[in-house]
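Computed from a predicted model, the values in this text were never measured in an experiment. Protein chains get the first letters and strands the later ones, always in sequence-line order, with residue 1 at the start of each. Reckoned from all heavy atoms, side chains included, excluding hydrogens, waters and symmetry mates.
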Amino acid sequence: MPQKIFNTKTRKKEILQPIKEGVIGMYVCGITAYDVCHVGHARAAVVFDVIFRHLKARGYDVTYVKNFTDIDDKIIDRANKEGIGIAQIAERYIQLHDEDMAALNVITPTVTPKATEHMADMIALISTLENKGIAYALDGDVFFAVNGFPAYGGLSGRHLDDMMAGARVDINDKKRNPLDFVLWKKSKEGEPSWESPWGKGRPGWHIECSAMSRRYLGDTFDIHGGGEDLVFPHHENEIAQSQAATGKPLANYWMHNGFVKINAEKMSKSLGNIFPVRDIIKQYHPEALRLFMLQSHYRSPVDYSDTSLKEARTALIRCYTALQLMKETLSGLAQGEETVLPTKPEYVSKLNDLKDKFDAALDDDFNTAQALGYVFDAARLINNVTTAEKKMPLPAKRVILETATGIFKHFGSVLGVFQSDPDIFFHADRNIEVGKRGLDVSRIEALILARQKAREEKDWSRADEIRQELALQNITLKDSAGQTTWSIE
RNA sequence: GGCGGCAUAGCCAAGUGGCUAAGGCAGCGGUCUGCAAAACCGUUAUUCAUCGGUUCGAAUCCGAUUGCCGCCUCCA
């Protein structure tokens with residue numbers, strides 16, 4: 001089945017036709033390194049991570065470039081406030097970004113270039129534009145003349161005339177047209193600067209992506225992505241710069257992920273509802289955050305709330321429970337025991353069918369929500385085999401469960417979840433909950449021991465009393481095979 | 001003012017012309033269990049904001065209405 005992609009440029013789903021058969025170049029706008037990553041960054045990272053993983057799983061040779069903006073007004077502000085250099089600020093937040101991404105199990109892109117390491121590329125690009133008469137220098141600043149690029153507005157569906165009518169256009173009398181944007185900024189006294197044909201200065205925001213995508217992917221590449229807020233002006237300006245310089249299309253497919261809202265409100269500094277990734281993963285297992293995001297289509301807005309994360313956690317536990325039951329069942333097989341054909345071979349074909357449907361869902365514009373539906377179907381099927389099929393002999397279950405293990409491995413590797421051993425997952429999840437609620441583990445375990453004793457003496461009322469007491473702290477006990485385990489609701 | 005998006009069960013959320021409208025959470029009944037938990041089985045939208053239209057046939061296409069939201073300024 002061909003890969004379909006919703007192209008922002010045409011507002012339609014299109015069939016992906018790579019420039020070079022079997023090879024994909026993908027550029028995604030990364031972070032500006034002046035603060036820690038929040039849920040919104042996490043969503044963009046997870047969305048494009050799954051896209052990267054699925055394309056690779058489908059056999060494409062993908063070069064994924066995600067940049068770091070390490071020179072910018074916000075970084076300069078921060079550096080001034082702290083009295084240190086911009087490089088130190090950028091380095092710190094790139095480091096923290098990398099930690100967050102690792103925690104979220106986001107694969108490091110193929111190339112992660114930094115703006116400051118591509119000054120020569122940017123200056124060359126600006127010079128080309130100047131020589132073509134599309135850029136003009138004024139007192140050490142260089143501007144891009146939007147009137148020189150007739151296709152301006154093509155990505156975001158805007159017309160220059162309409163934008164001119166808008167009241168929010170910055171009036172800068174230096175510019176020939178208020179919509180012209182800066183390619184190179186003259187630096188003020190004491191600001192970081194680089195030598196250029198226009199004097200000491202620094203690059204404008206948009207030019208770095210044009211320069212770096214060209215450096216690593218060429219004049220035209222396959223996929224360009226980012227958050228939907230980048231459509232205008234950032235991506236529009238990138239297109240203008242690159243295409244005016246090269247005369248070729250910048251990217252064939254433009255993909256934009258939807259926003260994360262917080263309790264139905266827009267996330268913003270003024271509302272004080274910025275949720276850093278590192279705070280969230282103290283409250284919930286990172287895979288719960290990932291699952292939460294993947295349960296909606298990447299283009300829809302998602303609403304982050306404690307309730308939604310809780311539900312994602314419960315759903316994640318459902319999958320890990322199935323995986324754990326499967327692991328236990330398989331380990332119950334005697335060494336060297338012969339495999340017998342399953343008494344119900346339809347389980348195997350159903351599993352293979354679910355894998356095909358899962359892949360097909362991702363082929364259709366990366367529909368992770370639909371794909372997850374098949375993951376849960378597979379989990380139910382596993383539970384049927386491990387738990388409900390009481391009459392099926394163990395050796396006959398082996399073929400089915402080994403098929404299921406392989407399929408879950410595939411699901412997990414594409415979605416970037418189910419990466420832990422179930423026991424390790426449950427342990428980690430419980431630690432998070434214990435920490436969040438400030439529970440006393442030794443006290444809980446002492447109570448469980450006391451209850452076990454009561455149960456041995458068949459003192460059911462005492463046993464139930466302890467169960468009740470622990471239930472008040474949302475602790476659920478599970479009695480099985482002579483031992484009691486506990487978990488937190 | 002310009003451009004765009006969304007509205008599906010108690011909640012979250014797929015589905016964009018045609019089999020019984022996925023899946024998750026929550027609820028209810030049952031099996032299992034000393035009691036539970038987990039798991040399994042059954043059940044919870046004759047209906048997809050409203051009103052018209054196109055069609056043999058629409059949640060899905062078109063138009064209108066209502067409500068919500070995003071972008072147009074730094075932003076994933």
Undergrad: Looking at residues at least two apart in the chain, or sitting in another chain, which of them share a salt bridge (Lys or Arg N to Asp or Glu O under 4.0 Å) with A:R290?
TA: A:D49
Undergrad: Tell me, what's RNA chain B's dot-bracket, Watson-Crick or G-U with both distances under 3.5 Å, | for other-strand, [ ] crossing?
TA: ((((((((.[[[..)..(....]]].(((((.......))))).....[[[[[..)....]]]]])))))))....
Undergrad: On RNA chain B, does the nearest nucleotide to A:H159 precede the nearest nucleotide to A:H297 from the 5' side, or the other way round? Give the residue.
TA: A:H159
Undergrad: Of all residues at least two apart in sequence or in a different chain, which pass the salt bridge (Lys or Arg N to Asp or Glu O under 4.0 Å) check with A:D377?
TA: none
Undergrad: Any side-chain donor-acceptor pair under 3.5 Å between A:E238 and A:S210?
TA: no
Undergrad: Among the candidates B:A36, B:A76, B:C40, find the nucleotide nearest to the side-chain atoms of A:A388.
TA: B:C40
Undergrad: Could you tell me the separation between the CD atom of A:E389 and the C1' atom of B:C41, rounded to a whole number of Å?
TA: 13 Å
Undergrad: For residues A:R43 and A:Y298, is any side-chain donor paired with an opposing acceptor at under 3.5 Å?
TA: no
Undergrad: Please determine if a side-chain N or O atom of A:N383 lies less than 4.0 Å away from the OP1 or OP2 oxygen of B:C41.
TA: no
Undergrad: Looking across every strand, which nucleic acid part, if any, lies under 4.0 Å from A:S296 by heavy atom: base, sugar-phosphate, or nothing?
TA: sugar-phosphate
Undergrad: Could you work out the separation of B:A22 and B:C28 based on their C1' atoms and round it to a whole Å?
TA: 22 Å
Undergrad: Calculate the interatomic distance between A:K266 atom NZ and B:C68 atom C1'; express it in whole Å.
TA: 16 Å
Undergrad: Could you measure between the two P atoms, the one in B:A7 and the one in B:G17, and give it in whole Å?
TA: 15 Å
Undergrad: Does A:T387 or A:T307 map to a spot on RNA chain B nearer the 5' end, using the closest nucleotide for each?
TA: A:T307
Undergrad: Any base atoms under 4.0 Å from A:V260, or only sugar-phosphate, or nothing? Heavy atoms, all strands.
TA: base
Undergrad: With distance as the sole criterion, is a donor-acceptor pair present between the side chains of A:E456 and A:Q452 under 3.5 Å?
TA: no
Undergrad: Rounded to the nearest Å, what distance is computed from the CG atom of residue A:N237 to the P atom of nucleotide B:C72?
TA: 12 Å
Undergrad: Between the side chains of A:D459 and A:K453, is the shortest nitrogen-to-carboxylate-oxygen separation below 4.0 Å, so that they form an ion pair?
TA: no
Undergrad: In whole angstrom, what separates A:Y152's OH from B:C72's C1'?
TA: 11 Å
Undergrad: Dump every N/O contact between nucleotides 21-26 of chain B and the protein below 3.5 Å, one line per pair.
TA:
{"from": "B:G24", "atom 1": "N2", "to": "A:E311", "atom 2": "OE1", "distance (Å)": "3.3"}
{"from": "B:C25", "atom 1": "O2'", "to": "A:E311", "atom 2": "OE2", "distance (Å)": "3.3"}

Undergrad: Give A:T386 one of three labels, base, sugar-phosphate or nothing, depending on what nucleic acid heavy atoms sit under 4.0 Å from its own.
TA: nothing
Undergrad: What distance, rounded to whole Å, do you find between the two C1' atoms, one in B:G42 and one in B:G57?
TA: 32 Å
Undergrad: When we call it a touch if two heavy atoms are under 4.0 Å apart, what does A:G153 touch: a base, just sugar-phosphate, or nothing?
TA: nothing
Undergrad: Work out how far the C1' atom of B:U50 is from that of B:A13, and round it to whole angstrom.
TA: 23 Å
Undergrad: What interatomic distance, in whole Å, is found between C1' of B:G70 and the corresponding atom of B:A76?
TA: 14 Å
Undergrad: So, are A:D363 and A:K4 salt-bridged, with charged N and O less than 4.0 Å apart?
TA: no
Undergrad: For B:U73 and B:G63, measure between their P atoms and round to the nearest Å.
TA: 29 Å
Undergrad: Between A:K185 and A:D73, does any side-chain N to carboxylate O distance fall below 4.0 Å?
TA: yes
Undergrad: Within this structure, what is the CD-to-C1' distance between A:E228 and B:C69, rounded to whole angstrom?
TA: 10 Å
Undergrad: Select base, sugar-phosphate, or nothing to describe what A:G227 touches, counting heavy atoms under 4.0 Å on all strands.
TA: sugar-phosphate
Undergrad: A:D229 and A:H234: side-chain donor and acceptor closer than 3.5 Å?
TA: no
Undergrad: Within the structure shown, what part of the strands sits under 4.0 Å from A:F232 by heavy-atom distance: base, sugar-phosphate, or nothing?
TA: sugar-phosphate
Undergrad: Got a sec, which residues hit side chain to side chain donor-acceptor pair (under 3.5 Å) with A:D479, two or more places apart in sequence or on another chain?
TA: A:R451, A:R455, A:R467, A:T484
Undergrad: With C1' as the reference atom in both, quote the distance from B:C32 to B:C69 in angstrom, rounded to an integer.
TA: 48 Å
Undergrad: Extract from the structure each pairing of a protein N or O with an N or O of nucleotides 31-34 of chain B at less than 3.5 Å, listing the distance.
TA:
{"from": "B:G34", "atom 1": "O6", "to": "A:R451", "atom 2": "NH2", "distance (Å)": "3.3"}
{"from": "B:G34", "atom 1": "O6", "to": "A:R455", "atom 2": "NE", "distance (Å)": "3.1"}
{"from": "B:G34", "atom 1": "N1", "to": "A:D464", "atom 2": "OD1", "distance (Å)": "3.1"}
{"from": "B:G34", "atom 1": "N2", "to": "A:D464", "atom 2": "OD1", "distance (Å)": "3.0"}
{"from": "B:G34", "atom 1": "N2", "to": "A:D464", "atom 2": "OD2", "distance (Å)": "2.5"}

Undergrad: Could you point out which residue of A:R318, A:H285, A:E433 forms a side chain to side chain contact (heavy atoms under 4.5 Å, CB included) with A:R313?
TA: A:E433
Undergrad: B:C74 P sits how many Å from A:L230 CG, rounded?
TA: 12 Å
Undergrad: Could you give the CG-to-C1' distance, from A:D303 to B:G70, as a whole number of Å?
TA: 14 Å
Undergrad: Quickly work out the A:R299 CZ to B:C6 P distance and round it to whole Å.
TA: 8 Å
Undergrad: If only side-chain N and O atoms of A:N367 are considered, is one of them under 4.0 Å from the OP1 or OP2 phosphate oxygen of B:G15?
TA: yes
Undergrad: State, without any angle test, whether A:E228 and A:N257 hold a side-chain donor-acceptor pair at a distance under 3.5 Å.
TA: no
Undergrad: For atom P, what is the distance between B:G18 and B:A58, given to the nearest Å?
TA: 11 Å
Undergrad: Quick check: A:F418 with A:F408 (ring centres under 6.0 Å apart)?
TA: yes
Undergrad: Applying a 4.0 Å non-hydrogen cut-off, can you work out what A:K261 is touching in the nucleic acid: base, sugar-phosphate, or nothing?
TA: nothing
Undergrad: Answer yes or no: does a side-chain N or O of A:S300 lie under 4.0 Å from OP1 or OP2 of B:A14?
TA: yes
Undergrad: Ring centroid separation for A:F275 and A:H38, is it under 6.0 angstrom?
TA: no
